[in-house]
Peer 1: 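I am attaching a structure below and will ask some questions about it afterwards.
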Amino acid sequence: MDYARWREEMYRTWVLERSRAMAPAVRAALAELPTAEAAQWLTALESPGQPAANLIAGWCLKPLVGWRCAAGLDWKWAKTSSLVLLAYPGPLSWDPVAMAAILPFWAMQTGAGWSSAVARLGPALAPVAYYGGIREGLEPVVGDWFRQFGRLAARAGLEAVVEWAESFGLPNTTKWDWPPWPEAAGRYRSQLEFGVVPHGSRGASVNDVSALLLALAGIGAGVEREAAAQLAQKAVLGWVVAQRWLAMGNKEDE
Amino acid sequence: MVLGEQELWERMDRRLEERLLVTPLLSAKQVSGGSVDVRLGTEFIVLKRSTRGPINPMTMSEDAADYQERVVLDVGERMVLHPNQLVLGATLEFLQIPADLTAYVIGRSSWGRLGLIVATAIMVQPGYRGSLTLELANLGDTPIYLYPGTRIAQLVFHTVSSLTASYAEQGKYSGPVGPEFSKLAQDPDWKNIRGLALPSDDE
């Protein structure tokens with residue numbers, strides 16, 4: 001056996017040994033990938049991931065099955081027969097707005113997920129793509145977003161996003177079925193700016209995560225955004241728990 | 001004066017600046033009989049055995065990773081609290097206490113009877129915003145599962161007779177959303193304590 005082949009076999013054995021503690025679907029996915037790529041995914045998947053990132057990724061990709069995400073340096077994906085692996089930029093993982101770009105990123109890869117991305121993120125789609133740093137492949141939706149929400153977004157303090165969306169031009173693309181601009185976004189933003197976790201009446205959790213993302217995006221970048229992102233993250237956690245609570249048959253007024 | 005249920009709800013309906021906030025409130029039953037139940041959150045700081053030496057409260061921020069580890073559970077997961085183990089948890093809820101109220105935190109006796117002691121700073125200052133850090137210790141002989149979302153303590157609210165400096169007066173202060181480790185090293189008294197201390201072998 002020549003050295004290169006022997007080295008490749010040792011490398012592969014090492015990857016498969018290290019993946020032993022992982023779920024069977026993950027191990028199967030890694031086994032399908034070329035060794036070097038599998039090793040990179042393995043290293044990423046071994047880290048527990050950022051709580052904020054996991055929460056938002058869970059909300060974004062909820063309707064989908066068979067995916068796993070991990071912190072990396074940039075957006076990346078790998079499709080195998082058992083799983084779709086998604087990597088997000090770890091340095092941005094504290095920011096729910098940037099993290100929500102995982103949904104348009106996934107739609108770009110599949111080319112078929114735009115309807116669900118539009119329905120789930122609504123007017124927050126362009127802000128999350130902007131702050132998540134993705135651009136290529138967004139042409140099918142961002143022009144239509146600008147047409148629908150450009151003015152409203154500018155009034156909501158999202159001038160940078162509007163300018164960025166305008167730079168895509170206004171191609172004659174599909175008209176998407178956008179949900180309306182959420183009324184709650186302004187209220188959530190006031191609460192974030194005041195320094196409390198966004199909420200509904202009498203301490204109820206937020207009921208619209210895309211409105212929360214819009215509210216947070218309106219705060220811009222910088223130190224205030226970091227503080228507000230923590231509050232927004234707590235609001236998303238509250239929403240997740242409240243949804244599960246209700247799904248178990250509990251009523252809010254119980 | 002302890003606030004009753006009706007006034008607690010009325011305070012929760014006030015404008016944002018004066019609002020009593022406990023969120024997420026999963027059930028109206030959490031507000032009952034003059035108290036508000038709070039639940040265990042998903043984030044913990046697990047205290048572990050140090051490999052480098054004892055905790056020195058004067059300098060502990062320098063070597064904190066040696067004896068503590070942050071653990072975040074997914075919703076629906078649980079963690080084990082072993083006998084004699086101490087973990088710091090936080091309330092699932094984020095609080096805003098109005099400037100004219102203070103709150104006392106009382107651990108639920110049902111947990112105490114299993115050996116789980118819930119301690120905290122006991123008094124929550126007027127104007128405080130944030131989640132509450134809870135010190136959880138298992139004094140029993142049997143491990144106990146901790147489930148995020150379980151009701152772990154009660155808040156009893158009192159009015160304060162005259163307004164004094166509060167957290168709210170510190171401008172845009174917003175407190176922690178998860179558990180916080182002790183800030184004892186930031187205590188200004190250490191300067192004086194250092195002056196009193198005799199030289200020791202490890203310094």
Side-chain angles (χ1 to χ4, degrees), chain A residues 47-55 57-59 62 93-94 96 186-207 219 223-224 226-254, chain B residues 8-32 36 38-44 69-77 90-97 127-131 147-150 167-168 170-178:
Chain A
S47 138
Q50 298 294 322
N54 293 342
L55 271 176
W59 176 76
K62 193 180 174 194
S93 60
W94 56 270
R187 191 171 66 247
Y188 293 160
R189 183 167 164 187
S190 303
Q191 293 171 346
L192 286 171
E193 286 175 338
F194 188 67
V196 297
V197 168
H199 55 277
S201 73
R202 294 187 159 185
S205 76
V206 295
N207 60 10
I219 291 178
V223 176
E224 288 197 357
E226 287 185 40
Q230 289 197 358
L231 299 173
Q233 183 193 339
K234 187 86 174 174
V236 176
L237 174 64
W239 180 86
V240 170
V241 176
Q243 291 298 304
R244 294 207 191 168
W245 193 263
L246 290 172
M248 287 183 295
N250 298 298
K251 291 193 177 119
E252 282 179 81
D253 59 352
E254 232 180 6
Chain B
L8 289 169
W9 287 121
E10 187 272 318
R11 294 265 189 171
M12 290 184 186
D13 287 333
R14 289 192 183 178
R15 65 191 185 97
L16 187 56
E17 293 78 5
E18 297 172 359
R19 187 173 301 164
L20 167 62
L21 177 63
V22 182
T23 186
L25 206 57
L26 298 182
S27 162
K29 278 186 177 168
Q30 282 177 247
V31 182
S32 173
V36 179
V38 287
R39 299 173 185 276
L40 188 60
T42 55
E43 208 172 322
F44 299 88
E69 180 186 358
R70 200 166 275 267
V71 173
V72 182
L73 303 182
D74 283 333
V75 175
E77 283 187 325
T91 55
L92 177 68
E93 295 84 0
F94 179 97
L95 313 176
Q96 174 178 264
I97 312 292
Y128 177 79
R129 284 183 201 154
S131 295
Y147 290 90
T150 47
Y167 279 96
Q170 297 172 22
K172 294 190 76 174
Y173 169 83
S174 190
V177 295

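Being a predicted model, the structure only gives us computed values, none of them experimental. Labels below follow one simple rule: chain letters A, B, ... track the order of the sequence lines, proteins then strands, and each chain is numbered from 1. Note that these values count all heavy atoms, side chains included, but never hydrogens, waters or copies made by symmetry.
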Peer 1: If you define the side chain from C-beta out and look only at heavy atoms, does anything of B/Phe94 sit under 4.5 Å from A/His199?
Peer 2: no
Peer 1: Checking the side chain of A/Lys234 only, and the main-chain atoms of B/Leu92 only, is there a donor and an acceptor separated by less than 3.5 Å?
Peer 2: yes
Peer 1: Just to verify, what does B/Asp74 make a side-chain hydrogen bond (donor to acceptor under 3.5 Å, both in side chains) with, not counting sequence neighbours?
Peer 2: none
Peer 1: Go through the atoms of A/Val197 and report whether side chain, backbone, both or neither lie under 4.5 Å from a heavy atom of chain B.
Peer 2: both
Peer 1: Do A/Gln191 and B/Arg19 have side chains that get closer than 4.5 Å, going by heavy atoms?
Peer 2: yes
Peer 1: Measure the CZ-CG distance between A/Arg202 and B/Leu21 for me, rounded to the nearest 0.5 Å.
Peer 2: 13.5 Å
Peer 1: Not counting sequence neighbours, which residues clear side-chain hydrogen bond (donor to acceptor under 3.5 Å, both in side chains) with A/Arg244? List them please.
Peer 2: none
Peer 1: Nearest 0.5 Å, please: how far is OG1 in B/Thr42 from CG in A/Asn54?
Peer 2: 11.0 Å
Peer 1: Given a strict heavy-atom distance threshold of 4.5 Å, which part of B/Leu16 is in contact with chain A: side chain, backbone, both, or neither?
Peer 2: both
Peer 1: Contact part of B/Glu17 toward chain A, heavy-atom cut-off under 4.5 Å: side chain, backbone, both or neither?
Peer 2: both
Peer 1: What part of A/Ala227 gets within 4.5 angstrom of chain B, counting heavy atoms only: side chain, backbone, both, or neither?
Peer 2: neither
Peer 1: If I compare all heavy atoms of B/Pro24 with all of A/Gly238, which pair ends up nearest, and what's the gap?
Peer 2: CG-CA, 3.6 Å
Peer 1: At a heavy-atom separation under 4.5 Å, does B/Val22 approach chain A through its side chain, its backbone, both, or neither?
Peer 2: backbone
Peer 1: Could you tell me which of B/Val31, B/Val72, B/Leu20 has the largest number of non-hydrogen atom pairs under 4.5 Å with chain A?
Peer 2: B/Val72
Peer 1: If I compare all heavy atoms of A/Phe194 with all of B/Arg129, which pair ends up nearest, and what's the gap?
Peer 2: O-NH1, 2.8 Å
